[in-house]
Amino acid sequence: MDPNQKRAKAVDRVDSVDTGAASSESTRMCPFPDEVLERVLSLIGSHKDRSSVSLVCKDWYNAERWSRRHVFIGNCYSVSPEIVAARFPRIRSVTLKGKPRFSDFNLVPEDWGADVHPWLSVFSTAYPFLEELRLKRMAVSDESLEFLATNFQGFKALSLLSCDGFSTDGLKAIATNCKNLTELDVQENGIDDLGGHWLSCFPESLSSLEILNFASLNSEVSFDALEKLVSRCKSLRVLKVNRNVSLDQLQKLLLQAPQLMELGTGTFMQELVSGPVTELKNTFSNCKHLVTLSGLWDATPLYLPLLDTVGDKGLEAVGSCCPLLEELRVFPADPFDQEIFLGVTESGFVSVSRGCPKLRYVLYFCRQMTNAAVATIAQNCPDFTHFRLCIMNPGQPDYLTKEPMDEAFGAIVKTCTKLQRLAVSGLLTDRTFEYIGKYAKNLETLSVAFAGSSDLGMEYVLGGCPKLRKLEIRDCPFGNAALLSGLTKYESMRSLWMSACNVTMNGCRELAKEKPRLNVEVMKDEGSDDSQAHKVYVYRTVAGPRRDAPPFVLTL
């Protein structure tokens, strides 16, 4: 027999072993020693691929278990910290997400849950060697940050995104106690800013920082301490400062760190003087590795006369000058002022798509759009993985033809076969969701608001989209029939959010009865109709109903 054929047959036999009860025979057939298999699996970085590998057979499950160093938990209530610690004994890095995304829009009460401290308590025993912790939408206290800083001696990296409950005193504990810190990334958090003294607490021996981001904080920091910290951290590649850092101070920082790859700037409000501006220009020219520039908090019109709106003309410039652009985010100057008509339109978006064929991620806020424009954008940029179009007036049609925007999103899902995340807006009928269910084969996250005609819309999505993991819906005419059409889908998804739809308590109870491995949570608003389920959050879990649910959450 050909050796290659023999090896293929052996691997086929291993792959065919039942994952629930791998026998001792499967161990004898495994073509790799444990040490080799663990080494091979350690080279797999994707948590999705590692999860798939663990299902092959018992040997691969154990090898993956012992070689895993990073764990990603997309919902802190889908599993308990005890289960995680028992499954993976050698974790060095944890990414943990808490509240549903709609908490960003104040649709989830502040005291909903997602406290990080129970996780830290377990990890301090199970993973005293923990090095990295990345938290998103978690409740974090100063006590938790101090506990983290003092119980994990080799801790190196902390990222806090959209978290709340802590103050700059917690950052002081991290700066003071984490002697080998390489990353401190604090952005978009509900933080109590008690002053910038925390930045002076880094020990003078610390030179390991690679990422420092405090752009979202408001208070002044000691520039002397900041400059000294930057000067001694020769591996610093990301620096994002807040608006209290002036133009001349920014230049001094750049002189100390020409190796920066990402820079978040401060404020440009001082007088325009030719000398310092020339010096700043020369300093920027020495930053050969800079690829990302953000911030530009406040600027005198002498520096940036059109700062308040990039406009279609600005996007035309982007399209003509940035052929390698992969990511574009365009936010409104004032999303709540309906009288302001400045900003971007479909014209600017088309210009960018024409000049930037590598565009793969877009978040675009505008007040008008057409089906034809979106179809052109899809043709110009077929490699979109994330397409989030927000037409700010709910239910707005194609402003030229007055037709629904169905064909626009139909063009996106038909043409952009790599699409993973989609947010839809404008006047949409069930046809849009029929297109999504039929063509969006790689879609993982779908966000819907003020759209659809009937239950059929949601049914189309749940009946298609084989890789769907997160479905977020608000203010849509979807009811119990739509909710229950996903009975065979929800256990393969991470979560479903529905608010201001037509779902009732009876529909939620029926779902909970049919799928006991799901947590079906209903958040009751004060004075709401007892029969209506105004906010529903459904997620798979192996930990059972959560013990810390507040009184306004009914876990069915």
Side-chain angles (χ1 to χ4, degrees), residues 75 100-102 105 107-108 387-391 394-397 404-410 412-414 419-515 518-523 531-540 556:
N75 179 347
R101 192 179 70 89
F102 276 115
F105 304 96
L107 294 179
V108 177
F387 189 87
R388 300 163 68 188
L389 175 61
C390 180
I391 304 172
Q396 181 169 311
M405 295 295 296
D406 298 331
E407 299 307 317
F409 292 100
I412 291 293
V413 296
K414 290 176 185 177
L419 194 69
Q420 298 174 12
R421 183 171 182 178
L422 176 65
V424 299
S425 58
L427 179 62
L428 300 174
T429 72
D430 290 339
R431 182 176 293 276
T432 291
F433 303 104
E434 184 177 8
Y435 287 143
I436 293 172
K438 185 176 181 179
Y439 295 105
K441 300 303 183 183
N442 289 304
L443 189 67
E444 297 182 2
T445 300
L446 175 63
S447 302
V448 182
F450 305 98
S453 309
S454 69
D455 286 339
L456 275 175
M458 185 171 170
E459 291 173 15
Y460 284 135
V461 172
L462 291 172
C465 302
K467 295 185 179 180
L468 189 67
R469 296 173 60 79
K470 292 175 66 178
L471 179 56
E472 304 168 338
I473 302 172
R474 57 170 296 193
D475 296 275
C476 293
F478 304 146
N480 290 343
L483 174 70
L484 297 174
S485 70
L487 284 174
T488 61
K489 193 86 167 185
Y490 296 137
E491 287 186 345
S492 66
M493 292 171 54
R494 185 189 302 169
S495 64
L496 165 71
W497 169 276
M498 296 182 74
S499 61
C501 296
N502 295 331
V503 176
T504 69
M505 291 297 297
N506 285 338
C508 294
R509 291 190 183 98
E510 181 65 20
L511 174 60
K513 178 182 177 182
E514 292 291 330
K515 294 295 179 181
L518 296 176
N519 271 357
V520 182
E521 295 189 359
V522 179
M523 294 169 227
S531 67
Q532 298 299 308
H534 187 70
K535 298 174 184 174
V536 183
Y537 186 43
V538 180
Y539 55 91
R540 64 183 182 187
L556 303 177

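As the structure is a computational prediction, the values presented were derived from the model and not from experiment.
Atoms CE and CD, on M405 and Q396 in that order, are 9.0 Å from each other to the nearest 0.5 Å. The line from NZ of K467 to NZ of K441 is 11.0 Å long, rounded to the nearest 0.5 Å. Of the inter-residue distances, the one linking E444 atom CD with R469 atom CZ reads 6.0 Å to the nearest 0.5 angstrom. The structure places CG of D406 at 6.0 Å from CG of L428, a figure rounded to the nearest 0.5 Å. The distance from the CD atom of E434 to the OG1 atom of T429 is 9.0 Å, given to the nearest 0.5 Å. With rounding to the nearest 0.5 angstrom, the CG atom of L496 is 9.0 Å from the CG atom of L468.
Using modelled atom types, one side-chain atom of K489 and one backbone atom of C465 make a donor-acceptor pair closer than 3.5 Å. A side-chain donor-acceptor contact under 3.5 Å links K535 to the backbone of L107. At least one donor-acceptor pair closer than 3.5 Å links the side chain of S425 to the backbone N or O of I391.
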For residues 454-464, please give each side-chain donor-acceptor pair under 3.5 Å, one per line with the distance, not counting sequence neighbours.
| unit_1 | atom_1 | unit_2 | atom_2 | d |
| --- | --- | --- | --- | --- |
| S454 | OG | D430 | OD2 | 2.6 |
| S454 | OG | L456 | N | 3.3 |
| D455 | OD1 | G479 | N | 2.7 |

* Which is it for V448 and F433 under the side chain to side chain contact (heavy atoms under 4.5 Å, CB included) test, yes or no, and what are the steps along the way? -> CA-CA 10 Å; V448 182; F433 303 104; 3.7 Å; yes
* To do: Test L419 against N442 for side chain to side chain contact (heavy atoms under 4.5 Å, CB included), laying out the working first.
  => CA-CA 6 Å; L419 194 69; N442 289 304; over 6 Å; no
* To do: Would you sort out whether I436 and F409 count as a side chain to side chain contact (heavy atoms under 4.5 Å, CB included), showing the intermediate values?
  => CA-CA 8 Å; I436 293 172; F409 292 100; 5.5 Å; no
* Apply side chain to side chain contact (heavy atoms under 4.5 Å, CB included) to K470 and S495, showing your working. => CA-CA 5 Å; K470 292 175 66 178; S495 64; 3.9 Å; yes
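Sorted by first and then second residue, the pairs that involve residues 483-510 and meet ring-ring contact (aromatic ring centres under 6.0 Å, His included), not counting sequence neighbours, are F102-W497. A side chain to side chain donor-acceptor pair (under 3.5 Å) check over residues 473-484, counting only residues at least two apart or in different chains, returns the pairs N480-T504.
Of all the heavy atoms in A440 and V413, the pair that sits closest is CB-CG1, 4.1 Å. Listed here is the closest heavy atom pair of C508 and L483: N-CD2, 4.1 Å. In this structure, R494 and Y539 approach most closely via the heavy-atom pair O-CB, 3.3 Å. Here the closest non-hydrogen pair linking V536 and V538 is CG1-CG2, 3.8 Å. L427 and G395 make their closest contact through CB-O, 3.4 Å (heavy atoms, listed as atom of the first residue, atom of the second, distance). Scanning all heavy atoms of the two residues, the minimum distance from F478 to A451 falls at CZ-O, 4.1 Å.
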